[in-house]
Amino acid sequence: MTVYVDKMFTAYSPSTDPLELALAPPPDESEQDRRNRLAAEAEAKRISDIIDEEIQRQEKTEKKGPKPIKILLLGQSESGKSTTLKNFQLMNSPKAFRAERASWRAVIHLNVVRSIRLILEAMSDAHAAQVPGAKFLTSHSSTRASSSRSLLDPDGGIPRALPQLTAEHLKLKMRLSPLLQVEQALIRKLTPPGSAEFEATHLAQMSNVSYMDRMHAKEVAVNTTFAWKGIFSKFMSDTRDSIDSREAIDWDDPEDPGRIIYACGEDMIRLWNDDTIQALLRAQNIRLEDQPGFFLDSLDRVTSPRYVPSDEDVLRARLKTLGVTEYRFSIKEGNMGGGTREWRIYDVGGHRSLVRAAWAPYFDDMNAILFLAPISCFDQMLEEDANVNRLEDSVLLWKSIVSNPLLKKTSIVLFLNKVDIFKAKLEAGIKLGKYIVSYGNRPNDFESTSNYLRRKFAQIHKERSPEQRQFYCHFTTVTDTKSTQHILVDVQDTVIIKNLKNSSLIA
Ligand SMILES: Nc1nc2c(ncn2[C@@H]2O[C@H](COP(=O)(O)OP(=O)(O)OP(=O)(O)O)[C@@H](O)[C@H]2O)c(=O)[nH]1
Ligand SMILES: [Mg+2]
């Protein structure tokens, strides 16, 4: 022990500096070796100097180049901010976008399993209502359908008759139970300890909670600081353009959740296409097709053994954002001078808790804000506060953004989003006037309802903006790449022109 302490002590004396010792030539170095060593050292220095010079040159050009254009995406949770960011990526860096398909495949599988779990839970509720005291999915559960019972209608407390489940349904449910493990395995992979909010890992069976609460309480959110996209790719952080997404997926991985998804594929299709199950969902007011991350109409494709997501699938995949994502790209300013300009798009999480307070630091220095308001949510309440209508929340948020003095010079572009779901709801007979009382008994067609909403947002913009500014508004379905890309090009042009005008005013 004493010897050890002595050694430790002597190791730090300047005469035996370990670095000096390591760099010193060997004591028995020949003349030839010495010449070789000196030549190698000179070559290393020459290369190092070139690198330093290049770094300095780049720094200078960056300083000289035009200021980057910065765009901030804002809107409530699930409004479509990250989906809009994906459109920007697909438009400006399609190869890098497609290189991430392996990771999105896992998210899509997670979305599928989540939808199936919601159906299984709806079945459990129905079964519990049919057979008082019955525990669904236990080995003793009664598989004989009993008399029809009812659940309360969430709207008005009116009892609704539920269709009866048969022994076949119960068997199907049993066969699909391995999917719950798949869900947990995928979440564990996506959210190693410390990388996500607690809600991502809360998977305990929930009873006595509404369908909407269940929908959100178990939603997976991955912090943007965690490089989750690498986990599902065989090549980890390799972003070479040449990598085909098919190669990036490890098809031979025995633990690939895609295997169980494939094994359960036919049963999932049977479940989703079953008339009784469809009637059960309708009776419980569950419209999975309007929910984010809905893939049940494409089960055949997404559960296939060699499934690789399409661009559209990636846009439809749902993964809640925590934190801030920054995406940079350069575009040619074409006939406006011919140079290239860097763009930076910022995507922030839109959940009410904490996050919105975190937006303010990004207000400074933004060229434009892209504000997304999902108009299809007019008949939904906020997950964060069940007393607040989601459209009303968007309007309040819009008010606070347009009236913010820090943003008085910033262009604000409004996307009235999720038009596809909005139209489907109107066609299904859901009345805007029932939820937006001020709309009254006006016609429930798209033209009248959408114009009304546009006018409301425009009015707030006019009345609340600290200084007069142009109202830019688009009706969007940002999961549709074609129409969205046209709109984004338009937005890009608007921002460039506005930016040029500002700089010429200053000059
Ligand atoms: N059908 C349809 N789905 C949409 C549309 N826009 C977004 N979505 C889907 O809605 C879900 C939520 O979109 P996101 O882009 O993740 O929402 P977000 O605003 O980033 O939400 P947070 O990260 O929670 O703040 C995703 O599954 C999207 O695919 C749309 O116009 N139509
Ligand atoms: Mg997001």
Side-chain angles (χ1 to χ4, degrees), residues 72-90 104 107-112 114-115 196-197 199-200 215-225 228 287-298 302 309-327 345-359 362 369-378 380 382-384 390 393-394 397-398 414-425 427-428 450 474-485 487-488:
L72 177 62
L73 295 164
L74 289 183
Q76 65 182 205
S77 188
E78 286 182 16
S79 56
K81 299 179 295 295
S82 302
T83 316
T84 305
L85 182 81
K86 287 180 200 168
N87 273 291
F88 272 113
Q89 290 171 323
L90 181 59
W104 288 109
V107 174
I108 290 162
H109 281 162
L110 193 59
N111 290 168
V112 167
R114 191 158 172 272
S115 300
E197 291 278 276
E199 64 187 285
M215 275 301 297
H216 291 100
K218 295 173 189 174
E219 189 169 8
V220 175
V222 174
N223 204 310
T224 46
T225 51
W228 65 274
R287 283 177 60 94
L288 288 175
E289 53 276 37
D290 296 343
Q291 291 305 323
F294 174 75
F295 288 95
L296 297 188
D297 276 347
S298 321
V302 301
S310 64
D311 293 344
E312 198 196 308
D313 291 347
V314 175
L315 288 172
R316 280 167 53 205
R318 164 65 178 162
L319 189 64
K320 181 173 165 177
T321 312
L322 284 177
V324 182
T325 310
E326 187 200 61
Y327 165 58
I345 317 280
Y346 298 89
D347 172 26
V348 292
H351 200 269
R352 256 196 177 189
S353 63
L354 303 169
V355 224
R356 292 182 185 177
W359 292 354
Y362 289 88
I369 283 183
L370 247 178
F371 187 98
L372 287 106
I375 51 171
S376 61
C377 302
F378 66 86
Q380 291 170 345
L382 267 192
E383 174 246 322
E384 299 96 313
R390 289 196 61 186
D393 179 64
S394 265
L397 209 52
W398 172 248
L414 173 65
F415 278 13
L416 294 174
N417 191 36
K418 301 205 178 181
V419 163
D420 57 334
I421 301 178
F422 181 70
K423 281 184 177 165
K425 283 190 178 174
E427 276 161 26
S450 61
H474 299 269
F475 285 103
T476 56
T477 295
V478 297
T479 39
D480 176 41
T481 52
K482 257 197 184 157
S483 60
T484 307
Q485 300 208 355
I487 294 171
L488 290 186

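Counting convention: from 1, in listed order, for ligands and their atoms alike. We number each residue from 1, following the sequence as shown.
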task = With heavy atoms only and a cut-off of under 4.0 Å, state how T477 meets ligand 1: side chain, backbone, both or neither.
result = both
remark   = For R316, the atoms of ligand 1 under 4.0 Å from one of its heavy atoms are 27 (O), 29 (O)
ask   = Which of the atoms of ligand 1 are close to G349, meaning less than 4.0 Å from one of its heavy atoms?
value = 25 (O)
ask   = Under 3.5 Å, side chain of K81 to main-chain N/O of G75, donor-acceptor pair present?
value = yes
request  = Check whether any side-chain N or O of N111 sits under 3.5 Å from a backbone N or O of F295 as a donor-acceptor pair, and report yes or no.
outcome  = no
message = Below 4.0 Å from ligand 1: does a non-hydrogen atom of G75 turn up there or not?
response = no
inquiry  = Pairs of nitrogen or oxygen atoms closer than 3.5 Å, one from P292 and one from ligand 1: do any exist?
reply    = no
remark   = Within 4.0 Å of some non-hydrogen atom of G293, the atoms of ligand 1 are 27 (O)
message = Contact between E312 and T481 at the side-chain level, heavy atoms closer than 4.5 Å - yes or no?
response = no
inquiry  = For a side chain to side chain contact (heavy atoms under 4.5 Å, CB included) check, start with the C-alpha distance between T477 and T484, then their side-chain angles and the critical distance, and finish with the verdict.
reply    = CA-CA 7 Å; T477 295; T484 307; 5.8 Å; no
inquiry  = Just so I know, are the side chains of I375 and V419 near enough to count as touching, which here means a heavy-atom distance under 4.5 Å?
reply    = yes
task = Give yes or no for whether the N/O distance cutoff of 3.5 Å, strictly under, is met between K320 and ligand 1.
result = no
request  = Please say which of K320, E78, R316 ends up in a side chain to side chain contact (heavy atoms under 4.5 Å, CB included) with P292.
outcome  = E78
query = When you measure from atom 22 (P) of ligand 1 to each heavy atom in K418, R318, Q76, which option holds the nearest one?
reply = R318
Numbered atoms and elements of ligand 1 in range of A317, under 4.0 angstrom, heavy atoms = 26 (C), 27 (O)
inquiry  = For the 3.5 Å polar cut-off, considering only N or O atoms, please tell me whether E78 and ligand 1 meet it.
reply    = yes
inquiry  = Closer than 4.0 Å to some heavy atom of I421 - which atoms of ligand 1 meet that?
reply    = 1 (N), 2 (C)
message = Could you check whether any side-chain N or O of D313 sits under 3.5 Å from a backbone N or O of S310, counting only pairs where one atom can act as donor and the other as acceptor?
response = yes
message = In the structure I gave you, are the side-chain heavy atoms of I487 and F415 within less than 4.5 Å of one another anywhere?
response = yes
Contact check: G80 vs ligand 1, nitrogen or oxygen atoms, below 3.5 angstrom = yes
query = Does T321 put an N, O or S atom under 2.8 Å from the Mg ion (ligand 2)?
reply = yes
query = What distance separates N417 CG from T476 OG1, expressed to the nearest 0.5 Å?
reply = 3.5 Å
Residue pair Y327 / L73, side-chain heavy-atom distance below 4.5 Å = no
query = So is K81 polar-close to ligand 1, meaning N/O to N/O under 3.5 Å?
reply = yes
Check: D347 side chain, T325 main-chain N or O, donor-acceptor pair, under 3.5 Å = no
query = Can you check whether S79 has an N/O within less than 3.5 Å of an N/O in ligand 1?
reply = yes
query = Taking only heavy atoms of L315, which atoms of ligand 1 are found under 4.0 Å from at least one of them?
reply = 28 (C), 29 (O)
task = Give a yes or no on whether S77 keeps an N, O or S atom under 2.8 Å from the Mg ion (ligand 2).
result = no
key: Winner among T321, V348, L319, N417 once heavy atoms are compared against atom 6 (N) of ligand 1   = N417
